[in-house]
Each structure stands twice: as structure tokens, then as C-alpha cells.
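Heads up, the thing below is written out as C-alpha cells.
Model, not experiment: these values are computed from the prediction. Below, all heavy atoms of this structure are taken into account, side chains as well, without hydrogens, waters or symmetry copies.
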Amino acid sequence: MEPGPLTEELNAACAAVTLASKLCKTAQASLTKHEKQDKKDASPVTVADYAAQAVVAWSLLRAFPDTQLQLVAEEESKSLHDPESAALLERITELFNATVNNGAGAPPASAQEVTQLIDAGRSRGGREGRHWVLDPIDGTRGFLANRQYAVCLALLEEGAPVLGVLGCPNLPLEGPITAAALEADAWPDHERGCLIFAARGRGAYCARLFGPDPAPRRVRCRAGDDRATAAYMTSVEAAHNQQGLTDALARAAGITAPALKLDSQVKYGLLARGDAAAFLRIPRGGYREKIWDHAAGALIVEEAGGAVSDLAGQPLDFGLGAHLDGVRGGGIVAAAPRALQATVVEAAAALEKGCG
């Protein structure tokens, strides 16, 4: 990508996500059952989630030392101060120090300093000013099961995403990404690891995440509208996906292939690369969408030529704070070409009317 608006911020974001992705890959190779907790919502959090969040905060503070960091992030260190979490915090600190010392020659941080970095992500977001938005590991269950996951970082200006970066350590650099290929997980290690990024008005790009890649390639969503061969994606997590409804909606929009189930914002990355035509997300009742689950991926898809909206056809509003409480129609659709997104919205309205 040629230098232009947001170049400094995008370079810093890519560096932060790359460093955190390396930490995640290292941690995954030796993760034990004692290195995770269950949060109040029953979702898991691991030492890698905490340490990756600390690494991103540290990296952004280092890149912009004269700017107060406004970071909206998923994790907080409160539970790590309990005596029974001492070993967990020690491992988090160890992972953090190993990563930043190898990557930047920094002096070792104390456990207290690491928890302070984790809690740098306490911004409430909103429509005023700049806010970084981070999910240190989107798809933690995928991370635990050695499936797909992503380190996701976006920058909001006045409540709207202006850049997004996805670090996808398990994603192969080239497709095709099929259900059979995902099940077999047969890609060799040297073919895995994608950094997918975009800045507002400057297009979307894909680069090798691990190792040298001097020429990131421009990526674009599918231009054709052959729905008979179109792949559509849904979430693995049951709380994030009502499979019967997404299947019915896909069929109503003319998509006949079975759903490709994937964890995390990797789905946005595959859509931006042209490996799939649509991503449908209809969570179960009571689930509240969070901005860190969509901000980076949505911007990347839009810069690659796709469209992202709620099922009522309205843009996602990232200026409401940490939650996407303005989602209408019961879910989210990302699709390419844009005509397919419009068709999905129309089909959602028709299905809702038919059920009314």
C-alpha cells in the first residue's frame, strides 16, 4: 500500500496485531487446561487472550507516546487479582515479556504492569474522538480447538471505523476454503498465517503474517453473482447462530450451498479475499453484539467492495459504545456483490412478514 492518510496508524496497528498473533501461536502450542478461565457469560478466556491484549496496548502506547490511549477491548484484569489466579497471571506475564523482549528489546514488565496494560482497554467508545477497538482473540473456542481465530484491531473516528486489521494465524494464504479442507486441517504450517488489513478509502490487502512479505496483495470481494456456487458462512458458536434461520435466509436469497461454519472475524477476511459470497449472523435471543466482534472485519469487507449491514439494511453503528445495540432485523449480513446483500435484506423482510 502506498503512503497516504492513516499510514502511521495502519503501520502501528499491523505491527501490534502481528506481535500479538505471534504470542497466540506460541501460547497455543503449549496451552494447558489450567491456563484458561470461564467468564460470567460462560465464554472462555485464556492466558493468550490476556497477554495478547497487553501486547497490543503496549505496542500502541509505544507507537504513540504523546497521545492518550483510548482502547475499547474485551478483557479486564479483575479476576487475575484473586489469589487463586496467581499462577495464571505469572504465565500471562511470562508470555508478554517473552513476546515484547524478542520483538523489541524491552525490559521485563512486572505482573502489576501487565495488568495495567490489560486494563488500558477500558474506554467506553462513543462518537467523539478516536478509539481503538480490540478483540485480542476473536474465536477463543476456535483457538482452544486449533480451528480458526483472529486478533482483531480497528480504529474508530467519530464512531466510524477508518482502519481494520485481522491477524489470522491458522488461515491459509490461498484458498479454496471448503468444509472438507477445514475438517481435514491439512495445510502445512508454512502455508498458514494471513494479515488482512484496510484503511478507509484505500482498499483492502492481504499479506503473510509470519515471515517476510515485501508486497502485500490487493484483495477484492467476488464480483460475479453466481449464487448456485456461492459459499456462505455462519458462526460455529450456537449463541451466535440460529442455523435453521440462516439456512432458510440463504435459500431465500438463492444460495443453495450448505453453510461453511467458521469461528471469528476470519469470515470477514474470507469474504474480502473473494473466497466466499456471504456471512450471515443471527444470534439467539438476548445476545448483545459487541463492536470488537465486527469493527475491523466490516471495514475490510467494505474496502474490498462488499457490503455490511443489519438484516434491516441499515449500516452498523459503532458509535453507541461497546455494544452494537442498534442492530435491527435480528442479525447481520455481509455479502458481495452488493446486489446479493440487498437480496438477503429483502429475503429477511419477506421471511419476517411470512412469520408475522
Side-chain angles (χ1 to χ4, degrees), residues 1 10 133 138 148 150 152-156 160-166 168 171 174-177 194-207 216-235 240-241 246 249-250 252-255 257 259-260 262 264-282 289 291 293-318 324 327-329 331-348:
M1 181 185 289
L10 184 60
V133 178
D138 186 20
Q148 295 300 320
C152 311
L153 183 62
L155 178 63
L156 306 184
V162 295
L163 69 79
V165 181
L166 302 178
C168 309
L171 185 65
E174 303 289 343
I177 309 298
C194 292
L195 185 72
I196 307 172
F197 57 92
R200 177 70 68 189
R202 300 182 61 194
Y205 293 80
C206 182
R217 64 183 176 92
R218 182 85 179 258
V219 293
R220 293 178 174 84
C221 294
R222 283 168 50 111
D225 199 10
D226 180 4
R227 298 176 195 181
T229 61
Y232 95 94
M233 302 170 290
T234 60
S235 300
H240 302 167
N241 177 44
T246 54
L249 184 53
I255 300 173
L260 189 62
L262 291 143
S264 83
Q265 288 182 67
V266 161
K267 295 183 285 294
Y268 283 113
L270 290 178
L271 184 57
R273 285 191 348 185
D275 291 320
F279 161 38
L280 301 176
R281 180 175 170 112
I282 306 178
E289 294 283 7
I291 61 172
D293 287 328
H294 299 279
L299 186 278
I300 288 169
V301 165
E302 289 171 355
E303 284 299 313
V308 182
S309 74
D310 62 26
L311 285 178
Q314 298 301 308
L316 303 183
D317 187 349
F318 294 99
L324 279 170
V327 171
R328 302 176 185 177
I332 292 171
V333 55
R338 292 176 181 272
L340 177 57
Q341 183 262 355
T343 300
V344 172
V345 169
E346 292 171 2

Kindly compute the distance separating CG (Leu316) from CZ (Phe318), expressed to the nearest 0.5 Å. 4.5 Å
Got a sec, which residues hit side-chain hydrogen bond (donor to acceptor under 3.5 Å, both in side chains) with Arg227, two or more places apart in sequence or on another chain? Asp225, Thr343
Determine the minimum heavy-atom distance between Pro216 and Tyr205, stating which atoms define it. O-CD2, 4.1 Å
Gly305 and Cys221 have their tightest heavy-atom pair at C-SG, 4.2 Å
Side chain Lys267, main chain Leu262, donor-acceptor under 3.5 Å: yes
Can you list everything that forms a ring pair (Phe, Tyr, Trp, His ring centres under 6.0 Å) with Phe279? Sequence neighbours excluded, please. Tyr268
Donor-acceptor contact below 3.5 Å, side chain Gln265 vs main chain Gly297: yes
Once rounded to the nearest 0.5 Å, what's the spacing between atom SG of Cys152 and atom CD1 of Ile291? 12.5 Å
Sequence neighbours excluded and cut-off under 3.5 Å, please list the side-chain donor-acceptor pairs for residues 331-338, or say none.
unit_1, atom_1, unit_2, atom_2, d
Arg338, NH2, Gly306, O, 3.1

Minimum side-chain heavy-atom gap Leu249-Ile282 below 4.5 Å: yes
Determine whether a donor-acceptor pair (N or O, by modelled atom type, separation under 3.5 Å) exists between the side chain of Gln314 and the backbone of Val327. no
Considering all heavy atoms, the nearest Val345-Ala312 contact: CG1-C, 3.8 Å
Closest heavy-atom pair and its distance - Ala259, Thr234: CB-OG1, 3.8 Å
Set of side-chain hydrogen bond (donor to acceptor under 3.5 Å, both in side chains) partners for Gln341, sequence neighbours left out: Ser309
Inter-residue atom distance Leu270.CG - Cys168.SG, 0.5 Å rounding: 8.0 Å
Test your reading of the model: is there a side-chain donor-acceptor pair from Gln148 to the backbone of Leu171, 3.5 Å cut-off? yes
How many angstroms lie between atom CG of Leu311 and atom CG of Leu280, to the nearest 0.5 angstrom? 7.5 Å
For residues 197-207, the salt bridge (charged side-chain N to carboxylate O under 4.0 Å, His left out) pairs (sequence neighbours left out) are Arg200-Glu302
Nearest heavy-atom neighbours spanning Leu10 and Val165: CD1-CG2, 4.0 Å
For Asp275, what residues pass the side-chain hydrogen bond (donor to acceptor under 3.5 Å, both in side chains) criterion, not counting sequence neighbours? Arg273
For Arg220, what residues pass the side chain to side chain contact (heavy atoms under 4.5 Å, CB included) criterion, not counting sequence neighbours? Arg218
Under the side chain to side chain contact (heavy atoms under 4.5 Å, CB included) test, residues paired with Ala231 that sit two or more places apart: Ala276
Taking side chain to side chain contact (heavy atoms under 4.5 Å, CB included) as the definition, give me every residue that meets it alongside Ala277, ordered by chain and number, with sequence neighbours left out. Arg222, Ala230, Leu340
What heavy-atom pair brings Leu299 and Pro161 nearest, and what distance separates the two atoms? CD2-O, 3.7 Å
